[in-house]
Amino acid sequence: MSYPRLVSNLDSIRHNVREISKMCHGFGIELVGVVKVARGEPLLAQIYLENGVDIIGDSRIQNIKRMRQNGIKGPFMLLRIPMISEIEDVVENVDIVLVSELEVARRIGKMAASHGKRQKIIYMVDVGDLREGVWFTKAVDEIVESSKIKGIDLYGIGTNLGCYGGVIPDLDNMNLLAEIGQKIRERGVEFKVISGGNTAALYMVENKTIPQSINEYRLGESLILGTDTTNNISFKFLKQDTFTLETEIIELKTKPSVPYGKIGRDAMGRIPVFEDLGNRLKAIIAIGEQDIDPAGLIPLDKGIKVLHASSDHTVLDVSDFDGRLKLGDILKFRLTYSALLRAMTSEYVEKVW
Ligand SMILES: *Cc1c(COP(=O)(O)O)cnc(C)c1O
């Protein structure tokens, strides 16, 4: 067996997908299952589709192409607004694409028309988080304009919150999006969805406050981890034991808790801070910043604390661990979204599905 390994618990993932799709469908909400954190793993997409997800979402065209090549039928949504240089790939491989620029919509329309088809788009509105989208005060005109482009089929409008500015989805910004949708419809433009939310907005479905006209959610973190980082929630009706990271101890020694010598910057350019707790038993595990976000490692054993990491080494304080550790022992962790993202992306971490 090789370490580090990332071991999935498919039963818990299935549980999350079923519970969330049941809840969303109960509200007439179409569910886009986002697989980007797992680099578009085809097995994951298959599980999503078999357990209630309506559309597979990913931010990278490479992942969508790989899923297609592995027999996943889709439909597929490209979540990251496309580069002009990838528009041909988008038209050939993507069913629905998020867009936030008229120029891009025009180029997509032209490419789609030359392929003898119409490309479905969701036009993104920025209701405050400052990532993608037309600023809400200008949204109605721009989106009406996009709907007139030859080769374009306006599938819906959408917004993304909580990811960049950390703005929390609430009744104010969801109603703002719903009103923009209403005004566009009053101008005689029809479309299917108002794509209101990612995981940060799931709590509004759970507590039944989401406005009725919001009828699509694009969910990643909640399906795969059962958590919502923006609102700092672990959902009670979901499972959080979906992934376990297994790492191996390569050094085990008692050392001071404060470095000896003059302090400059660490391997990542940070100035590390240390608390003097005297001598402590430390374990080094063979994983580092290249493979995980050390702040996102959650030890499964009591009495283990993640101290600090450089690119390939992570140092733990194991003094309070109840039991005896030895070199070669395997220590297990849960991961936050950011740690999972890096572990999935690192080729040095073996994936066990
Ligand atoms: C990543 C992403 C999502 C999913 O976000 P989660 O917080 O993981 O639910 C939804 N929409 C867009 C545009 C995204 O990029």
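For this chain, numbers begin at 1 and follow the sequence in order. Order of appearance sets the numbers: ligands from 1, and atoms from 1 within every ligand.
Closer than 4.0 angstrom to ligand 1 lie heavy atoms from Val34, Lys36, Leu79, Leu98, Arg131, Glu132, Asn160, Asn198, Thr199, Arg218, Leu219, Gly220, Glu221.
Minimum heavy-atom separation, Ile72 to Ala45: CG2-CB, 4.0 Å.
Annotation: cation-pi geometry satisfied between Arg185 and Phe191 (NZ/CZ under 6.0 angstrom from ring centroid, within 45° of ring axis).
Side-chain contact annotation: Ser100 with Glu132, donor-acceptor N/O pair under 3.5 Å absent. Using modelled atom types, one finds no donor on one side chain facing an acceptor on the other under 3.5 Å when comparing Ser213 with Gln182.
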| said: Checking Arg187 against Glu145 for the salt bridge (charged side-chain N to carboxylate O under 4.0 Å, His left out) test, could you report, in this order, the C-alpha distance in whole Å, the side-chain angles of both residues, the deciding distance, and whether it holds? | reply: CA-CA 11 Å; Arg187 301 259 297 260; Glu145 193 65 30; over 6 Å; no
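At least one donor-acceptor pair under 3.5 Å links the side chain of Asn173 to the backbone N or O of Ile168.
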